[in-house]
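The next block holds one structure in the form of structure tokens; read it before the comments.
Since the model is a prediction, treat every value here as computed from it, not as a measurement.
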Amino acid sequence: MKNLRLVTRLRHELQLHIDGETVVASAIDAERRRAFFASSANFIHTVPLPVSSTHEQQSLQWSKIANGHSDVEEIVLEPGDCIVAMDYLMEKESLLLGSLAGCLLLYNVEEKTTEVVGRLEGGVNTIASSPDGALLSVTTGLGQLLVITQDWEVLFETSLDPQDATIDNIASTGGHVRSAISWRGDGKYFATLGALDGSCPTKLTIWERESGNVHSSSDANTFMGASLDWMPSGAKVATAHDRRTEGKCPLIVFYEKNGLERSHFSIDEPAEAGVQALRWNCNSEILAALVSIGQHDVIKIWTCRNNHWYLKHELRYRKEEGVKFFWDPTKPMHLVCWTLSGQVIIHRFAWTTAVSETSVALVIDGSHVLVTPLNSGLMPPPMSLFHLAFPCAVNEISFVSNNLKNHLAACLSDGSLCVVELPAPDTWEEFEGNVISVDPCCYDFTLNNCMHLTWMDTHTLIGICGHSEHYRSAMVGSSETGNLVGNDDSMFFINEIELVCSEDSVPGSVSSSGWQARVSKKVPLESSVIAISPNPAKKGSAFIQISGGRIVEYCSRSNLLKMCAPAQLSGVDSDHSFPASCPWMNAVLCYENGMAQPFLFGLDDGSKLYMGKRLLSNNCSSFTFYSSAYGATERVMSHLLVTTKQDLLFIVDVNETLLKDNEVVTIDSNVGSHPRGKQNKEHIIVWEKGAKLVGVLHGDEAAVIMQTTRGNLECTYPRKLVLVSIVQALVQRRFKDAMDMVRRHRIDFNIIVDYCGWDVFTKSAADFVKQVNDLSHITEFVCSMKNSNVSSKLYEAYISFPDQCGVPMADNESSAGSFLGNKVTSVLMAVRKALEEQIEESSSRELCILTTLARSEPPLLEEALNRIKIIRELELLGLDDAKLKLYPSAEESLKHLLWLTDTEAVFGAALGLYDLNLAAIVALNSQKDPKEFLPFLKSLECLPPAVMRYTIDLRLGRYESALRNIVSAGNEYHEDCMKLLNANPQLFPLSLQLFNEPDKRNRILEAWGDHLSEEKCFGDAALTYQCCSSYQKSLKAYRACGDWRGVFTVAGLLQLEKEEIGQLAHELCDEFQALGKPGDAARVALEYCSDADRGVSYYITAREWEEALRVAYMLSRHDLVETVRDAASECASSLISEYQDGQLKVGKYVARYVAVRQRRLSLSAKLKSEDRFMNVEDDNISEVSTSFSEMSAYTTRSTKESSASVISSSAKSRGARRSKKAGKIRAGSPGEEMALLEHLKGMALTDSAQNELKSLLVVLIQLGKEESARQVQESAFSFEMSQRAAVKLAEDTVCNDKVDEKAHTLEHYVRMLRAHNSGHSETGSWRIKALSPP
């Protein structure tokens, strides 16, 4: 679905020197971008071709008509001789010229020298070099074919048709042979046609390059002149068949290498028409033909899609101009035409999508436009809904849609203008299969070769015409001359055309008559126009791109062109022109800061996509836009769709990505070098190579239409666009549309609830049910509900969800009721309520309600069974009630419920209603074995009601209800009650509420205490025992938990004798000492045993130095004071030694760590320098490290381990205060570095060690051993500083790639820490200031 648009038409006029001189031959130098033209007066004109349309000055140079200069050189030939054929030899940088007299001349373009390299009898007819330039094929007027090397050696010479006697005897008859040669793209074969003047060739001959033998030849046919060209891809040879004898128009016929006809098509012209030349463009996509028709020569341009040849463009010239043409050999869309008078015109074409912004396909095919609204269905051309038939071939069309009317303007090849008014597209189905004729407008001007036809509004058109077209349209009425801007030096003009319809249109019909057109304004331009796009934000305004990418704005209500800034883009230069000429340009509305602003997007020939000066993609092959707006009068585009040369489709949110003030990043910058590997959510892999975007279906359709290279249409629904359209519908509360899209595209139904939050949806449930109004769809929705936020997890890569969606469902407390925070139950409850209010009673509604109950979490099966029970009771009454007919049968309802949920759960719910009959019905319908459930139900039926309910509750695990029921059964079932409590201890609190009798409560409390004792909750057990006056068990529980105060309190409650309490105290002392609680043992010994020696000894063991000294002085026991003094001195000496050993260990660990780190870094640098490993992960390097002697691993992986402080009071207590090591440090192990770091951290002083240390320092000072205290404090502080410095050093180097031998030392870090902590009291809070050094 593409149309061929004429982008620019650049003209140049050769300065011919002699009257009657004409241009007879041409050649092109593709490497240096220059063309050569030979005249009948033997002059060679050299004309430079534009390198690129991005160079504005070159375009301006080519736009000059008058005083055009070219390099001219005369070729001296014999009198009466002239040049008739010419070709450029790239290897020799020379032109090979063939003359009428048979001379072959080599003209050196650079040195301006001419050399005669041969002479052929009968004159030269054609010259064609092979694609590789190694060989030359030449035909003569006598019908001879010669293949020559570049060293002028003749490989072979033969007749053009060895089987044609007329060509062989041409020398005797005096005739002249016309011929044509065309090489295949790979140069292995070439084809020829030849015949005498006045006759037509009858056979196509395929020749082999090397041997000169005839490879194949076609059947005898009447070929037309020298119309022959081999497709560059080598697939087929294009020729023309003359059918004038049959009264039919010529055929374009394609032959294969074997000489067999492959296909053909008609040129749809009168039988008198003649095909003079055929030419393929360099990529074999376009075929152009020069056709002579009456007083005109027409260049027709075709392309093939879906095995149908479309006539896409026509260029008309007068017969006397004698036009010839050739395609640029390197630029497939550049067509160069030249006339006998020396005019050279370069036509630059571009493929544009035939799909309008409103998704209407308008495909040009000669004089027909194939019309298909893609919203109604995909019809790949040549199929279409209906045809618009114009008087002659259509060159360009423009379509505009305004409310219910659509207007189509068409510029025809004869310069006429046609306007068609169409009704709304939803009424076009009545035109299906019709061919609707279109009448031209009434006008007094012509628009020959008009370019860029664009609607400004429904009654104004603009188009670009060149200088010659300006003169053809200069004859306008005198009333219009005031609006015409005269400027004879301008090369291009903007023609503004006003349209007036004198007839009223018939609603629902297609009308084209009564339109009158006049040129109301002409505005000159100094350069060629590349593209025009109407301004979507302003009526009567359009953006015009001139050569080089510069943008100007044209306003129809003024005669001025002004430099345009389509939209203010933050961070971008104020000049919003493109960096290069962009033949594909589109102006669209996008939101910026809440305002709709026009933005210009352009695609240049180098596959670069721009938004103004911002580069969006480096390898874009096509682009289009999608609007998610529904029913909006102003279509604002929300997404940009881009396909790349790697066959990837990108969908970019314009508002979030393109308009942000972030650094410039191209759309496809994150794509790896192998895009066809792993699927990526950022892009979609296009299913067929070379497929391009042709259009989209906006709004809820959310479809992307792509066309493959062979012409097939494919419609896809990208997940991102689908989700955007669903979200748009949800925001606008269009639940039915959202539901339809979710079902059609198989999106998770939870998105309807999750996007705005389930609490918001519950408030809109009534609208949801009312709009959907389809119980089967609602049932499908209900069955899909899940309690988690499913959608944000599934689709977070495609769309952004509101903030409230990120709140967990259980934390949302906006809904009330017993199911607070339960998404599924809350949503289904709201839907169920809406069903009861909005939908009339029916069997389907009841089943849907049962579905909401069954799908709740947890399922509300009892409520569902109650509804079924009501229906069953009505059925048992046998009443012919009209209301009963509105409900399904009980059996149907029950089967529906069983289908939705687990049968065992339904059977259990039926039992939970204590309805044995209902339970039996459920069991029968759930295919349960009667031998299993009937005995059970009969046994229940025989039990007393309370016991039956108790038995059912036990089976269902409803223990609270079971307890209540067994209590209500009477005293004879009290033992069963106690068994239930012992089996379910959580029921003890409830049981105390149910029983009032003291003996039963005491029994329950004692049982509860026994349970707590078994669970090792001795404190709670002791109190529970006391509640039921079980003091012996309470005393035992207190002793078990080590609570000596509780023990002696309960002993008082038991009124024990003093001797018994003393004995108990001695036993507790021994127990606490064994349990490692010497402090508690000391208190018991002092308070209950009155044993001061034992108490002080326990305090010393517990390292409670201050308390031990206090007790000794309290009792005035100097012997105990000396005991404390001796123990403190001994502990001080032990700690000093231990701190010193610890400091030495810290130094060793740090030295080992630094050595390991240095070796690791040196080895890593060596490996990188040798390029032995590229992009190696740390874990991979660690596997290598073990092969080196004493090398540390390179992994950042750590082994959790901790070591206790080196400071402790005794070996036994130190072991109790340390955490156990998780592993040992092994030299060269993968985790050695991190293990050393963790070990250093574990050597820090613990809180208990600091408390013990401070208590010891205080006692030493109090006992007059100040010097010992100072030594202890200094050694402890030195150890602490070393340990902290070591940890700091290791942390600083673990993430550093370099170890400084001078800076990263333990001594350096100790000095830094001491200097830093000199004024901070936090460090060493255990220190005594009086002992601190100055």
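Considering every non-hydrogen atom in both T330 and C282, the closest pair reads C-SG, 4.0 Å. Taking every heavy atom of both residues into account, F543 and A587 meet most closely at CD1-CB, 3.6 Å. Of all heavy-atom pairs between V529 and T8, the closest is O-CG2, 3.4 Å. The shortest heavy-atom contact between A703 and C715 is CB-SG, 3.5 Å. The shortest non-hydrogen separation linking V394 to V369 is CG2-CG2, 4.2 Å. Nearest heavy-atom pair, M451 versus L6, reported as atom, atom and distance to 0.1 Å: CG-CD2, 3.6 Å.
No donor-acceptor pair under 3.5 Å is formed between the side chain of S520 and the backbone N or O of I497. Remark: the backbone N or O of S628 is paired with a side-chain donor or acceptor of S638 at under 3.5 angstrom. Looking at Q545, its side chain does come within 3.5 Å of a backbone N or O of C582 through a donor-acceptor pair. A donor-acceptor contact shorter than 3.5 Å is absent between the side chain of N395 and the backbone of A410. Side chain of K645 to backbone of S607: no donor-acceptor contact under 3.5 angstrom is found. Between the side chain of S284 and the main chain of S233, a donor-acceptor pair closer than 3.5 Å is present.
Between the side chains of T643 and S622, a donor-acceptor pair is found at a separation under 3.5 Å. With no hydrogens or angles considered, no side-chain donor-acceptor pair links K613 and S577 at under 3.5 Å.
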task = Might you work through the side chain to side chain contact (heavy atoms under 4.5 Å, CB included) test for L723 and I747, ending with a clear yes or no?
result = CA-CA 8 Å; L723 291 170; I747 303 297; 3.9 Å; yes

- Could you please spell out the steps behind the side chain to side chain contact (heavy atoms under 4.5 Å, CB included) verdict for L370 and Y310? CA-CA 11 Å; L370 315 182; Y310 300 86; 4.2 Å; yes

_side chain to side chain contact (heavy atoms under 4.5 Å, CB included), that's the test. Do V704 and E714 meet it? Break it down for me._
CA-CA 8 Å; V704 176; E714 297 289 347; over 6 Å; no

Residue pair S398, T454: steps toward the side chain to side chain donor-acceptor pair (under 3.5 Å) verdict
CA-CA 6 Å; S398 182; T454 305; 5.3 Å; no

Exercise for the section: Apply side chain to side chain donor-acceptor pair (under 3.5 Å) to D748 and S791, showing your working. Expected result: CA-CA 7 Å; D748 195 304; S791 301; 5.1 Å; no

*asked:* Assess the residue pair E553 and K538 against the criterion (salt bridge (charged side-chain N to carboxylate O under 4.0 Å, His left out)); give the C-alpha distance rounded to whole Å, side-chain angles, the decisive distance to 0.1 Å, and a yes or no.
replied: CA-CA 11 Å; E553 182 182 2; K538 186 170 154 186; 3.2 Å; yes

Could you walk me through whether N495 and I462 pass the side chain to side chain contact (heavy atoms under 4.5 Å, CB included) check?
CA-CA 5 Å; N495 281 349; I462 60 172; over 6 Å; no

Between E496 and Y554, does a side chain to side chain donor-acceptor pair (under 3.5 Å) hold up when you go through it step by step? CA-CA 10 Å; E496 182 176 320; Y554 176 81; 2.4 Å; yes

Quick one, N619 with Q646, criterion side chain to side chain donor-acceptor pair (under 3.5 Å). Give me CA distance, side-chain angles, the key distance, then yes/no.
CA-CA 8 Å; N619 59 352; Q646 288 87 1; 2.3 Å; yes

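Counting heavy atoms from C-beta outward, S725 and Y626 have side chains that approach closer than 4.5 Å. Two residues are said to be in side-chain contact when any heavy atoms from C-beta on lie closer than 4.5 Å; T460 and W455 fail this criterion. F399 is not listed as a side-chain neighbour of V371, based on a closest heavy-atom distance of 4.5 Å or more. P583 is listed as a side-chain neighbour of R348, based on a closest heavy-atom distance under 4.5 Å. Taking 4.5 Å as the limit, every side-chain heavy atom of C450 sits out of range of all side-chain heavy atoms of I464. With a 4.5 Å cut-off on side-chain heavy atoms, D604 and F578 do not count as touching. Contact check for L374 versus V360: no side-chain heavy atoms found under the 4.5 Å cut-off. In this structure, the side chains of P50 and I346 come closer than 4.5 Å at one or more pairs of heavy atoms.
Here W351 contributes atom CH2 and E285 contributes atom CD; the two are 5.5 Å apart, rounded to the nearest 0.5 Å. Atoms CE and SG, from M637 and C590 in turn, are 8.0 Å apart once rounded to the nearest 0.5 Å. The OG1 atom of T352 sits 8.0 Å away from atom CD1 of I397, with the distance rounded to the nearest 0.5 Å. A distance of 9.5 Å separates OG in S528 from CG in L525, rounded to the nearest 0.5 Å. A distance of 12.0 Å separates NZ in K539 from CE in M456, rounded to the nearest 0.5 Å. A distance of 5.0 Å separates CG of N375 from OG of S359, quoted to the nearest 0.5 Å.
For the side chain to side chain contact (heavy atoms under 4.5 Å, CB included) with L640, the lone residue among L616, D653, N586 that qualifies is L616. Of the listed residues (H452, H313, E396), just one forms a side chain to side chain donor-acceptor pair (under 3.5 Å) with R5, and that residue is H452.
Taking the six-membered ring where the residue is Trp, F625 and F623 present perpendicular rings, their angle passing 60° and hence far from 30°.
Atom NZ of K692 has 12 or fewer heavy atoms from other residues, nucleotides or ligands within 6.0 Å. Counting non-hydrogen atoms of neighbouring residues, nucleotides and ligands closer than 6.0 angstrom, the NZ atom of K608 reaches no more than 12 such neighbours. The environment of E31 atom CD is sparse: at most 12 non-hydrogen atoms of other residues, nucleotides or ligands sit within 6.0 angstrom.
Between K793 and D754 there is no salt bridge, since no side-chain N of the basic residue sits under 4.0 Å from a carboxylate O of the acidic one. Here D328 does not pair with K331 in a salt bridge; the nearest charged N to carboxylate O distance is not below 4.0 Å.
The side-chain hydrogen bond (donor to acceptor under 3.5 Å, both in side chains) search around N281 returns N283, not counting sequence neighbours.
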